[in-house]
2 protein chains.
Amino acid sequence: MNISEASRICGLPAKTIRYYEEIGLIMPGRLANGYRDYGDTDLHKLGFLQRSRGLGFSVEDCRMLLSLYEDRNRASGDVKKLAQDHLTEIDRKIAELKGLRRTLSQLVDQCQGDDRPHCPIIDDLARQ
Amino acid sequence: MNISEASRICGLPAKTIRYYEEIGLIMPGRLANGYRDYGDTDLHKLGFLQRSRGLGFSVEDCRMLLSLYEDRNRASGDVKKLAQDHLTEIDRKIAELKGLRRTLSQLVDQCQGDDRPHCPIIDDLARQ
DNA sequence: GTTGACCTTCCTGTTGCGGGAACCTTTATG
DNA sequence: CATAAAGGTTCCCGCAACAGGAAGGTCAAC
């Protein structure tokens with residue numbers, strides 16, 4: 001199966017699939033003409049990558065997850081740790097964004113938003 | 001005032017300050033020896049940038065905010081719109097992260113996290 | 001005069017691809 | 001059968017917002 005069909009099936013752009021190959025994540029076979037040739041195993045891996053990335057894991061995390069996926073003797077604890085660390089990072093980001101949101105929405109509420117120059121948002125940013 | 005002192009005062013790394021100059025955000029004077037020389041106006045702008053970035057505005061947004069800051073005839077509505085758009089974007093990111101968080105935490109909860117290979121997280125990612 | 005702490009510019013690397021050029025193959029069509 | 005369109009390939013640049021580090025100039029102190 002060529003790359004555009006693999007792309008259609010796994011939902012990843014061809015560019016992304018080539019990139020994953022470049023960094024050694026999935027190495028498909030090649031046909032005599034040099035075209036990439038994706039088999040069932042490749043397609044499963046691509047789908048796995050698509051969903052892992054969809055959960056926000058970094059590509060390097062995905063590399064780790066993929067090797068755990070292929071390791072029949074893996075410890076589920078290793079997977080769980082990866083996921084928990086990611087969860088912690090997500091929580092950190094959410095907290096950070098909520099902090100920004102609080103401050104920003106207060107400022108927005110205070111601003112008249114009309115044609116006049118007076119602006120509490122600018123005043124806050126410019127506070128001496 | 002040289003760059004390291006400016007950095008200490010505004011709280012931005014010297015690297016960042018130089019970068020802001022490179023992209024035309026703040027253009028300090030130069031001494032005879034070629035060293036950058038920051039005056040009060042420059043320092044105010046740097047502080048303004050530091051706080052704007054701290055609220056998560058993109059550097060290009062900061063450029064716009066800075067020009068509104070310097071525009072005595074600005075309409076506060078322009079500032080408010082920028083801030084509201086940013087707020088919308090923040091909300092979008094929060095929602096996205098919360099979605100990930102939901103799915104991920106469910107999976108984590110289902111996983112035993114022991115030495116055995118069975119793992120609902122992997123199973124979900126590998127779902128055929 | 002020499003050391004050490006500054007400063008300068010310039011180049012590379014980061015993350016995860018997207019866009020596009022230049023070129024080759026295969027397939028479809030007149 | 002010639003050709004054009006639609007694939008494939010590699011390779012290189014660009015994005016955001018800097019950080020790290022090399023190579024070299026400058027300045028103050030001892």
Side-chain angles (χ1 to χ4, degrees), chain A residues 1-39 42 45-46 48-66 85-86 89-90 92-93 96-97 100, chain B residues 1-39 42 45-46 48-66 85-86 89-90 92-93 96-97 100:
Chain A
M1 174 180 305
N2 65 21
I3 198 169
S4 61
E5 218 170 334
S7 165
R8 192 179 49 72
I9 291 179
C10 74
L12 291 170
K15 275 281 188 185
T16 300
I17 300 179
R18 289 197 193 94
Y19 172 68
Y20 289 169
E21 180 176 350
E22 189 187 329
I23 62 173
L25 275 186
I26 23 98
M27 309 304 274
R30 296 280 180 148
L31 298 176
N33 58 14
Y35 286 19
R36 290 169 177 85
D37 186 27
Y38 295 89
D42 298 320
K45 286 201 211 175
L46 286 172
F48 185 94
L49 287 171
Q50 194 266 349
R51 287 181 288 273
S52 309
R53 292 284 296 138
L55 281 182
F57 285 103
S58 74
V59 168
E60 285 314 305
D61 279 352
C62 291
R63 188 194 299 277
M64 197 61 214
L65 286 170
L66 201 52
D85 287 354
H86 183 37
E89 182 61 16
I90 288 176
R92 199 194 54 72
K93 285 183 186 168
E96 185 183 337
L97 288 172
L100 297 186
Chain B
M1 175 180 306
N2 66 21
I3 197 170
S4 61
E5 218 170 333
S7 164
R8 193 179 48 76
I9 291 180
C10 74
L12 290 170
K15 277 279 187 187
T16 300
I17 299 179
R18 290 197 192 95
Y19 173 67
Y20 288 168
E21 179 176 352
E22 190 186 327
I23 63 173
L25 275 186
I26 22 99
M27 309 304 274
R30 295 280 180 148
L31 298 177
N33 59 14
Y35 286 20
R36 290 169 175 84
D37 186 28
Y38 295 90
D42 297 320
K45 287 201 209 174
L46 285 172
F48 186 94
L49 287 171
Q50 194 267 347
R51 288 181 287 274
S52 309
R53 291 286 296 137
L55 281 182
F57 285 103
S58 74
V59 168
E60 285 316 304
D61 279 352
C62 290
R63 189 193 300 278
M64 197 62 214
L65 287 169
L66 202 52
D85 287 354
H86 183 37
E89 182 60 14
I90 288 175
R92 198 194 55 71
K93 284 183 187 169
E96 185 183 337
L97 288 172
L100 296 186

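Each chain gets a letter, A, B and so on, in the order the sequences are listed, and its residues count up from 1.
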**Where protein sits on nucleotides 10-16 of chain C, one letter per nucleotide: B base, S sugar-phosphate only, - none, heavy atoms under 4.0 Å** = B-----B
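- Atom OH in B:Tyr38 sits about 12 Å away from atom C1' in C:dT8, given to the nearest Å.
- With a cutoff of under 4.0 Å to any heavy atom of chain B, the contacted region of DNA chain D is bounded 5' to 3' by D:dA17 to D:dC27.
- Here C:dC7 presents its C1' atom at 10 Å from CG of B:Leu31, a figure rounded to the nearest Å.
- In this structure, A:Asp37 contributes its side chain and A:Met1 its backbone to a donor-acceptor pair below 3.5 Å.
- Here C:dC6 presents its C1' atom at 16 Å from CE of B:Met1, a figure rounded to the nearest Å.
- Counting any heavy atom pair closer than 4.0 Å across all strands shown, B:Arg18 reaches a base atom.
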**Request:** Dump the intermediate steps for side chain to side chain contact (heavy atoms under 4.5 Å, CB included) on A:Leu25 and A:Tyr19, then the final yes or no.
**Result:** CA-CA 9 Å; A:Leu25 275 186; A:Tyr19 172 68; over 6 Å; no
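- A salt bridge is absent between B:Arg18 and B:Glu22; no separation between the charged side-chain nitrogens and carboxylate oxygens falls under 4.0 Å.
- Among residue pairs with one or both ends in residues 1-13 of chain A, those qualifying as side-chain hydrogen bond (donor to acceptor under 3.5 Å, both in side chains) are A:Asn2-A:Ser4; sequence neighbours excluded.
- Between the side chain of A:His86 and the main chain of A:Asp61, no donor-acceptor pair closer than 3.5 Å is present.
- Between B:Ile23 and B:Arg63, the closest side-chain pair of non-hydrogen atoms falls below 4.5 Å.
- Judged by closest nucleotide on DNA chain D, A:Glu5 is the one of B:Pro13 and A:Glu5 placed further toward the 5' end.
- Using a 4.0 Å cut-off between charged nitrogen and carboxylate oxygen, A:Lys93 and A:Glu96 do not count as a salt-bridge pair.
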**Request:** Evaluate the criterion side chain to side chain contact (heavy atoms under 4.5 Å, CB included) for residue pair B:Tyr20 and B:Val59; output intermediate values, then yes/no.
**Result:** CA-CA 9 Å; B:Tyr20 288 168; B:Val59 168; 4.3 Å; yes
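- As a whole-Å value, the separation of A:Ile3 CD1 from C:dT26 C1' is 17 Å.
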